[in-house]
Amino acid sequence: MKMILLRKFRVLILMVFLIACSMHIMIDLLPKLERHSNSGCSCSHTPSEKPQSWGKQSWPNKHTLRILQDFSNEPSSNVSSHSLESDKTQASKRLEHHEQRGDRKRPLIQDATVTKNAPDKGSRLSALYDHPLYKRSLPSLTEEDTLFNVNTDIRFDPKAAEDQSWDTEGNVDEFSPTGELTADSYPNWLRFHIGINRYELYSRHNPVIDALLKDLVIQRITSVAMKSGGTQLKLIMTFHNYGQALFKPMKQTREQETPPDFFYFSDFERHNAEIAAFHLDRILDFRRVPPVAGRLVNMTKEIRDVTRDKKLWRTFFISPANNVCFYGECSYYCSTEHALCGKPDQIEGSLAAFLPDMALAKRKTWRNPWRRSYHKRKKAEWEVDPDYCEEVKQTPPYDSGTRLLDIMDMTIFDFLMGNMDRHHYETFEKFGNETFIIHLDNGRGFGKHSHDEMSILVPLTQCCRVRKSTHLRLLLLAKEEYKLSMLMAESLVRDRLSPILIQPHLEAMDRRLRQVLNVLSECIEKEGYSYVVEDDLQGDQGTDHTHTGPRRR
């Protein structure tokens, strides 16, 4: 009797196991069958449509995840890519269809050959870029001055260069390379990477940058994952042409200011601040911010349905107002109380193009000498020691070369934005100490237009140093014919999410620019012009790699 019961129990266990396996297989196969049955549908999900039924949605097809690296320290660049003109055409048609359905007020980023939104001959922006200060040429670049040495005779196969752990199942219809690519026909994100050199992230009039900005808006999103680390949610988006970008979703409206009792480290990151920072950096002629563009994203079709990040997928829900929401996972602002909700499933965000993968172009992270304490009660050393800059000048790499002047440029850049959150910065390791600072992570800028945080200018007031080219450009931007606020307004109107900044923020930049010039004027009066202003306009920039120590008082 006991043996019979034991056999029945074993049979029962086996049946349960078989049923579980069958259900698991069906769960994996259903999404494929649904995609196959809907492959002939050419309809698009527009803002006016209702969110998709959640009862019919199952977890996407599983496959091995690509290791997506940290944007600020270990960015992944996907060194294989292929941009198809047909995909661009279809994406453009979808965006035009969205505009016809009620989004007419938001102009698209125009191609470099289109003059609708491009500055005409009478524009302030064109006049600025025609000024001699914006036409200085770089010295001849050697192999040591370029980030990548490209052999134009070598052909590039995106599939061969792609990470082999990436499962290509289901992508055959989405990506069908017609042949190998030459260097001139590389996708725009790769051409941007190839153009990086010792002196700049991109050249002043490089048409690839405008093309890359357009790609960030129209390229189809094929994969989404959460970026690890950080206090707030950020997403890594992979496009149809294998490019990647960091997506920061909209958390506040343009009019909302940082509350006066908020600490700088607890403030929200703003997507529009990332966009505005790129345009400001380019107008200042620093060109140290990777290209950033605004995009209206469909949370259902372009995030939830394409993500392979199960933790992210599980945080989607429908709000009481019938809007699609999600909150993801992060160390601070990731909960149902801080959920990101669409209208009903459309959300704004900034997309910042990735820098080259760390495996290809290593970057070094440096602690900002004027880093804040990030503590509610403690103060940093520079806040209590008025001679702090003298210590910095005696410490490598600030005791020689141009690094201290780069810090001054970054200080002015941050002050114009009102950004207090500059704790670290990065440089490309290949170029050693003789290269520019990369201005990453600007989301906490433009938080207050009614307040000018003078503590951001402390490095400038303590060191009293600036490049002559920077000083002359600041004086130029203070003139009425090259007014900074007007230049920013003209540049920002080309973005997909225009208007990016409200008028008070634009006017605040003019006011802060005058304060920077006043600080420099006081420094020159106290220390003398030759001490304060470092002449970098004589001869070719960067040709002399021998450097002397900083000038002493």
Side-chain angles (χ1 to χ4, degrees), residues 133 264 277 280-281 283-286 288-289 366-373 379-395 397-425 427 436-439 442 444-448 451-478 484 508-537 549-553:
L133 281 172
Y264 51 89
L280 176 62
D281 178 81
I283 287 173
L284 292 171
D285 201 38
F286 295 153
R288 300 166 192 170
V289 175
W366 305 78
R367 181 186 175 96
N368 183 3
W370 281 270
R371 181 185 188 273
R372 297 178 184 273
S373 65
K379 289 188 177 182
E381 185 178 351
W382 59 267
E383 294 181 279
V384 296
D385 183 5
D387 296 323
Y388 177 76
C389 185
E390 294 303 317
E391 298 180 18
V392 174
K393 289 178 181 179
Q394 299 173 29
T395 306
Y398 309 102
D399 59 342
S400 63
T402 60
R403 183 61 59 83
L404 187 64
L405 295 171
D406 287 334
I407 293 289
M408 299 302 110
D409 286 347
M410 186 172 64
T411 295
I412 294 169
F413 174 62
D414 284 336
F415 180 71
L416 293 175
M417 295 190 299
N419 178 29
M420 302 172 65
D421 186 35
R422 188 70 68 184
H423 43 82
H424 289 84
Y425 64 86
T427 59
F436 60 92
I437 288 174
I438 308 172
H439 296 163
N442 306 294
R444 286 199 169 112
F446 298 102
K448 296 180 181 179
H451 172 71
D452 301 335
E453 183 54 55
M454 298 305 295
S455 65
I456 302 174
L457 274 185
V458 166
L460 191 64
T461 57
Q462 288 184 348
C463 296
C464 278
R465 296 289 303 281
V466 71
R467 283 187 173 91
K468 185 176 182 178
S469 59
T470 300
H471 187 217
L472 292 178
R473 283 195 297 270
L474 294 177
L475 291 170
L476 188 68
L477 296 173
L484 178 58
M509 281 189 285
D510 290 331
R511 184 179 67 243
R512 292 165 185 165
L513 176 58
R514 291 193 295 268
Q515 292 174 343
V516 172
L517 291 173
N518 287 338
V519 168
L520 290 174
S521 179
E522 292 174 0
C523 285
I524 292 172
E525 183 178 351
K526 179 175 62 176
E527 303 289 350
Y529 184 86
S530 60
Y531 174 84
V532 176
V533 181
E534 177 79 21
D535 191 354
D536 63 329
L537 298 178
R551 293 169 293 187
R552 311 290 181 189
R553 283 195 177 102

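What you see is a predicted model; the values in this text were computed from it and never measured.
- Annotation: side-chain hydrogen bond (donor to acceptor under 3.5 Å, both in side chains) contacts of His424 (sequence neighbours excluded): none.
- Residues passing the side-chain contact (heavy atoms from CB on, under 4.5 Å) test with Pro397, sequence neighbours excluded: Trp366, Arg403, Asn433.
- Met410 places none of its side-chain heavy atoms less than 4.5 Å from the side chain of Arg288.
- Ring planes of His439 and Phe413: parallel class, angle under 30° (limits at 30 and 60°).
- No side-chain donor-acceptor contact under 3.5 Å links Gln515 to the backbone of Asp452.
- In this structure Arg514 satisfies the side-chain contact (heavy atoms from CB on, under 4.5 Å) test together with Asp510, Arg511, sequence neighbours excluded.
- Using modelled atom types, one side-chain atom of Thr461 and one backbone atom of Val458 make a donor-acceptor pair closer than 3.5 Å.
- Counting only heavy atoms from C-beta outward, the side chains of Ile456 and Asn419 never approach each other to under 4.5 Å.
- Annotation for Tyr425 and Pro369: closest pair CE2-CD, 4.3 Å, computed over non-hydrogen atoms.
- In this structure, Ala478 and Leu517 approach most closely via the heavy-atom pair CB-CD1, 3.7 Å.
- The shortest distance between side-chain heavy atoms of Leu477 and Leu284 falls below 4.5 Å.
- Residues Met509 and Leu280 form a side-chain contact, since some pair of their non-hydrogen atoms from C-beta on lies under 4.5 Å apart.
- Using a 4.5 Å heavy-atom threshold, the side chains of Leu460 and Met408 count as touching.
- Atom CG of Leu537 is separated from atom CG of Leu133 by 7.0 Å, given to the nearest 0.5 angstrom.
- Listed by chain and residue number, Glu381, Asp385, Tyr388 satisfy the side-chain contact (heavy atoms from CB on, under 4.5 Å) test with Glu391 (two or more places apart in sequence, or in another chain).
- Going from atom OG1 of Thr402 over to atom CG of Asp536 covers 9.5 Å, rounded to the nearest 0.5 Å.
- Taking CD of Glu527 as the reference point, atom SG of Cys463 lies at 11.0 Å (rounded to 0.5 Å).
- By the side-chain contact (heavy atoms from CB on, under 4.5 Å) test, Leu405 is found to be paired with Arg465, Arg467, Glu534, residues two or more places apart in sequence or in another chain being considered.
- Qualifying side-chain hydrogen bond (donor to acceptor under 3.5 Å, both in side chains) partners for Asn442, counting only residues two or more places apart in sequence or in other chains: Arg422.
- Closest approach of Leu416 to Leu513, counting heavy atoms only: CD2-N, 3.6 Å.
- Side-chain contact between Asp399 and Gln394 is absent, with no heavy-atom pair separated by less than 4.5 Å.
- Taking 4.5 Å as the limit, every side-chain heavy atom of Asp421 sits out of range of all side-chain heavy atoms of Arg372.
- With values rounded to the nearest 0.5 angstrom, Ser469 atom OG is found 9.0 Å from Asp535 atom CG.
- Taken to the nearest 0.5 Å, the CZ atom of Phe436 stands 12.5 Å off from the CG atom of Asp409.
- Distance check, rounded to the nearest 0.5 Å: CG of Asp414 to CZ of Arg512 gives 11.5 Å.
- Heavy-atom minimum distance, Ser373 versus Ala380: CB-N, 4.0 Å.
- Between Ile407 and Trp370, some side-chain heavy-atom pair lies under the 4.5 Å cut-off.
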